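Below: one structure, written as structure tokens.
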Amino acid sequence: MKKILLFIATISLSLLGITVMARENIGFSSLIGLRELANLEELITVTLGSNNYTLTLMDGFEETDKYILVEDIEMGYLIYDRSLQEYVEYSEFDVSPYNISEGQKLYAAPTYYFDVTCDGTLSIYDDIMISDEETQIYSSLETKLSEQYYGIKYQQSTSQSGTQSLLAATIDPVHIPYSYYFSNLRNNMGVNNGLYSGSCGYVAICMIYAYYDTFFKDLIIPETQEEKGETFSPTDFSTCTDSPGHNIFFQDAVMNYAAVKGYKTPGSNALNITRLQSIITGYMTEEVGLTTTRTRTDTLAKCKTAISSGYPVIIGIDGWHPSEGQISHFVVGYAYDSIGIIANFGWMGNDRQTHINGYTIGDGLYIDISGNPTYTDNYYYVEDDDYCRRYIDVRTGYSTQHPGYTYNNLNGTYHTRNCTACAYSEQIVHLYKYNNALQLYVCACGASRRENPLD
């Protein structure tokens, strides 16, 4: 998992480009002062642990020379806010987002990096020019956010502990509904190794299916191919430490569908975005009978728009992963914050809440399922004194529990009711109903009487 840390997301733009080799060009201290340079070098040592880097001064919208970009010669970068005397973001394991920059480097906020070219201001990740209106938005946000961050920094400086980080000052994360599903999805998902190596596209498809099966229609995944999730609160389903999902047989079913339809290349589990798009909607329509609308997203901004509209997004990424090396991979994005999009990598327990801003972002895809939601029962809860699972619909709170009972008559007033599936038992008063054939009032436990018990 990348170590990308954020103290504060400051909006800034424009650049004064001055690049030097740190510790080899003392002249940079004349630009920012010896004290500030010493403070910066200490931060670089703590974060990047490097002695070989370049420094570049960058302007903000309202303030000249507001930032310093630190780029390690081999790997890693840091962006420092001179007004706050803190770093805004850094990564030990990613190359600088400006490594592909060809113009003047501009900074807005984490995942918002720009070049000034002869044609205008270019968003590096999206590869599109920003409008004058967007430029004005960045300018106004910078002033508002800076006031907020300075206030928080002052509160920290006067607090007793003095240890609270500026993470509290980041822009509030944007989540899809029930985003905890993906952050807690650890094991109940597809396999992407061994015979299934390279099947990350299928794993991502099945993760999307499982999400909608859990929160929209409990018929996408057959019951025999589902894996339920235990929640430790009947009302707070984020307490489930391993979200419900599916077993390997469902992944097999989706892959077999792809092979029959000609979407799967013989001898390969890899998918491109076009085939992935055909599979995810075709399977839903033909095998499940649901109407879906599929939408391709070709920029980072559109992926964020989809998430803010409530859709989990399958996103193709390319880049260097600290433990896996160079990867070309499909992930599921379900939230974003000041750093960038947060995704589950589909790697069974690992990288469930990972930012992808250090990667090259490719095409994305999300689907919109039409129709009315139905009852789902993928989460279950077990009472302390009750060993039978109570399956709960997340949206309505409706639950089903014991599948059936046996009854034992104790005396003329009480009987016990015992669950057929667990050790649950309770003592309750007889409940009589009139039986015309017997002409008696009869209880389920076998107790009977001739007169009406209500008389």
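Given the structure is predicted, the values throughout are model-derived calculations rather than measurements. Atoms considered below: every heavy atom in the structure, side chains included; atoms not considered: hydrogens, waters and symmetry mates. Residue numbers start at 1 and run along the sequence shown.
In this structure, Tyr283 and Phe250 have perpendicular ring planes: the angle between them is above 60°, well past the 30° mark.
Atom CD of Gln326 has more than 12 heavy atoms from other residues, nucleotides or ligands within 6.0 Å. With a 6.0 Å radius and a threshold of 12 heavy atoms from other residues, nucleotides or ligands, Gln439 has its CD atom at or below the threshold. More than 12 heavy atoms of other residues, nucleotides or ligands lie within 6.0 Å of CZ in Phe232, so this atom counts as buried by the packing criterion. Within 6.0 Å of the CG atom in Leu195, the count of heavy atoms belonging to other residues, nucleotides or ligands does not exceed 12.
Contact check for Leu271 versus Ile205: side-chain heavy atoms found under the 4.5 Å cut-off. Put simply, the side chain of Cys445 reaches to within 4.5 Å of the side chain of His430, judged on heavy atoms. Between Met348 and Asn193 the shortest side-chain heavy-atom distance does not fall below 4.5 Å. Side-chain contact check for Glu324 versus Phe345: every heavy-atom pair is 4.5 Å or farther apart.
Asp377 pairs by the salt bridge (charged side-chain N to carboxylate O under 4.0 Å, His left out) definition with Lys228, not counting sequence neighbours. Applying the side chain to side chain donor-acceptor pair (under 3.5 Å) criterion to Thr47, with sequence neighbours excluded, gives no partner residue.
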Given the rule in the side chain to side chain contact (heavy atoms under 4.5 Å, CB included) test, do Cys443 and His415 qualify, once you have shown the distances and angles that lead to the verdict? CA-CA 9 Å; Cys443 179; His415 65 255; 3.4 Å; yes

Decide yes or no on side chain to side chain contact (heavy atoms under 4.5 Å, CB included) for Thr354 and Val331, but give the supporting numbers first. CA-CA 10 Å; Thr354 300; Val331 301; over 6 Å; no

Criterion side chain to side chain contact (heavy atoms under 4.5 Å, CB included) on Ile341 and Ile361, from CA distance to verdict: CA-CA 10 Å; Ile341 290 178; Ile361 308 298; over 6 Å; no

Checking side chain to side chain contact (heavy atoms under 4.5 Å, CB included) for the pair Ile44/Tyr87: CA distance, chi angles, key distance, verdict? CA-CA 9 Å; Ile44 294 171; Tyr87 58 81; over 6 Å; no

Apply the test side chain to side chain donor-acceptor pair (under 3.5 Å) to residues Asp236 and Ser233: give CA-CA distance (whole Å), side-chain angles for both, the deciding distance (0.1 Å), then the verdict. CA-CA 5 Å; Asp236 183 3; Ser233 166; 5.4 Å; no

Assess whether side chain to side chain donor-acceptor pair (under 3.5 Å) is satisfied between Tyr77 and Asn99, documenting all intermediate values. CA-CA 10 Å; Tyr77 72 94; Asn99 71 315; over 6 Å; no

Can you list the steps and then say if Asp368 with Thr293 is a side chain to side chain donor-acceptor pair (under 3.5 Å)? CA-CA 5 Å; Asp368 181 13; Thr293 301; 5.1 Å; no

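At distances below 3.5 Å, not a single donor-acceptor pair connects side-chain atoms of Arg449 with backbone N or O atoms of Tyr441. Side-chain atoms of Gln251 come within 3.5 Å of backbone atoms of Val191 as a donor-acceptor pair (strictly under, hydrogens ignored). Between the side chain of Asp213 and the backbone N or O of Thr376, no donor-acceptor pair lies under 3.5 Å. Under the 3.5 Å distance criterion, the side-chain polar atoms of Arg389 are left unmatched by any main-chain donor or acceptor of Tyr379. When atom types are taken as modelled, the side chain of Asn409 and the backbone of Gly446 share no donor-acceptor pair closer than 3.5 angstrom. Not one N or O on the side chain of Asp351 forms a donor-acceptor pair closer than 3.5 Å with the backbone of Ala343. With Tyr209 contributing its side chain and Ile280 its backbone, the two residues share a donor-acceptor pair below 3.5 Å. In this structure, Asn184 contributes its side chain and Ser238 its backbone to a donor-acceptor pair below 3.5 Å. Side-chain atoms of Asn378 never come within 3.5 Å of backbone atoms of Glu227 as a donor-acceptor pair (strictly under, hydrogens ignored). When atom types are taken as modelled, the side chain of Asp72 and the backbone of Leu48 share no donor-acceptor pair closer than 3.5 angstrom.
Between Tyr375 and Asp218 the shortest heavy-atom distance is O-CB, 3.4 Å. The minimum heavy-atom distance linking Val95 with Met75 is given by the pair N-SD, 3.4 Å. Nearest heavy-atom pair across Ile327 and Tyr359 is CD1-CE2, 3.8 Å. When all heavy atoms are compared, the tightest approach of His355 to Asn357 is CB-OD1, 3.3 Å. In terms of heavy atoms, Tyr334 sits closest to Arg352 at OH-O, 2.8 Å. Between Ile367 and Met284, the closest heavy-atom pair is CD1-CE, 4.2 Å.
Phe237 has its ring centre no less than 6.0 Å from the ring centre of Tyr180.
Residue pairs meeting the salt bridge (charged side-chain N to carboxylate O under 4.0 Å, His left out) criterion with at least one partner in residues 408-432, sequence neighbours excluded, are Arg417-Glu426.
When only modelled atom types and interatomic distance are considered, Ser199 and Asn269 share no side-chain donor-acceptor pair under 3.5 Å.
Screening Tyr212, Tyr311, Tyr211 for a ring pair (Phe, Tyr, Trp, His ring centres under 6.0 Å) with Tyr366, the sole residue that qualifies is Tyr311.
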